[in-house]
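Taking it in order: structure first as structure tokens, then the write-up.
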Number of protein chains: 2
Amino acid sequence: MIQNISNHLITNGIKPSYQRIKVYEYLITKKNHPTVDMIYKELLPVIPTFSKTTVYNTLELFMKKGIAIMITIDEKETRYDADTSIHTHFKCEQCLNIYDLKTDLNAMDIPELKEHKITEQHLYFKGICKSCLTKPTPSH
Amino acid sequence: MIQNISNHLITNGIKPSYQRIKVYEYLITKKNHPTVDMIYKELLPVIPTFSKTTVYNTLELFMKKGIAIMITIDEKETRYDADTSIHTHFKCEQCLNIYDLKTDLNAMDIPELKEHKITEQHLYFKGICKSCLTKPTPSH
DNA sequence: CTCAAAATTTAAATATAATCTAAATTTGTT
DNA sequence: AACAAATTTAGATTATATTTAAATTTTGAG
């Protein structure tokens, strides 16, 4: 696993330091679209000298090299994702779960968009998920 | 104009104070998807006692009453829009212009989404706009 | 292996954005 | 005019992000 990550980083022109391997491992195993703070807090026990600046630096590098993207699932939070393919997020406002959805953007017809050169597309939804809809509402 | 805005606020259950009228007027005349700071800076000369807290309070109220929405056009900035209809934004990374696009989301087929109850949908693109594509690149 | 240079990580300082709090002002009612 | 309620305000606090410079680690030449 570590070996695979290491190779993947090298392939993408990134020197595989311990911190970088751990951050990347976090992203691909958890698949939880974390904030900087989530990554920092969860890796601190593993890397006692870990610093938040390293998280910022590492994610910046990953994005520059194209193996991670910055995503929006909620206007208030900056989150990151190692899945750089085109996909969509749905956040349940009740259980706060985040669902990854496949999106066929070619099926979406936005004529004005054809004129411009698109380099990034971001799509996210909010609402109540299937599971919460069937559950009785929690009384709080 | 002021009268129309005032009526519109009243219709939506908002007491039309001077500050609120000015903020709403700003949103609908500029249509520039401003940040809190943009609204504050541009209205300060008009309302010398104006406070940033008022901008936050006012936008919060507008959103609660459904006459404004919080939007994302760039992961780093929280922006606001008085156009609450479903539409899409495209930001040109070169001239930084923001284009509003009509979006037919029904044409977009995301089967998994049918299961959940969607209350909000957000869609934005980045790239180089038509105008910048034809212009020669600025040398800097 | 040893040393110096380069790369990486780190803590601390600074900057920016958002929220909270309590006081001051304004508005509406009697 | 006098009071109560609503609104605005400044300032304090918190959270998030960026910058800087020093410390540490890695790398490669000799």
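Letters A, B, ... are given to chains in the order of the sequence lines, protein chains preceding strands, and every chain is numbered from 1.
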Option from A/M70, A/H89, A/K31 for which side chain to side chain contact (heavy atoms under 4.5 Å, CB included) with A/D81 holds: A/H89
Value in whole Å for how far the P atom of D/dT8 lies from NZ of B/K22: 14 Å
Nucleotides 5-15 of chain C: protein proximity per nucleotide (B base, S sugar-phosphate only, - neither; heavy atom, under 4.0 Å): --SSBBBB---
Residue pairs passing the salt bridge (charged side-chain N to carboxylate O under 4.0 Å, His left out) test where at least one lies in residues 47-58 of chain B, sequence neighbours excluded: B/D37-B/K52
Between P of C/dT21 and OH of B/Y56, the distance in whole Å: 17 Å
Carboxylate-amine/guanidinium proximity below 4.0 Å for A/R79 and B/E75: no
Rounded interatomic separation in angstrom, taking OH from A/Y80 and P from D/dT16: 12 Å
Separation of C/dT16 P from B/D74 CG (nearest whole Å): 17 Å
Atom pair distance, as rounded to whole Å: CD1 in B/I21 and P in D/dT8: 10 Å
Touch class at under 4.0 angstrom, heavy-atom based, for A/T35 against every strand present: nothing
B/K41 NZ - C/dT16 P separation (whole Å): 9 Å
Residue pairs passing the salt bridge (charged side-chain N to carboxylate O under 4.0 Å, His left out) test where at least one lies in residues 84-95 of chain A, sequence neighbours excluded: A/D74-A/K91, A/E77-A/K91
Derivation of the salt bridge (Lys or Arg N to Asp or Glu O under 4.0 Å) call for A/E25 and A/K30: CA-CA 8 Å; A/E25 182 187 38; A/K30 295 249 174 181; over 6 Å; no
Plane angle bin for B/Y24 and B/F62 - parallel if under 30°, tilted between 30 and 60°, otherwise perpendicular: perpendicular
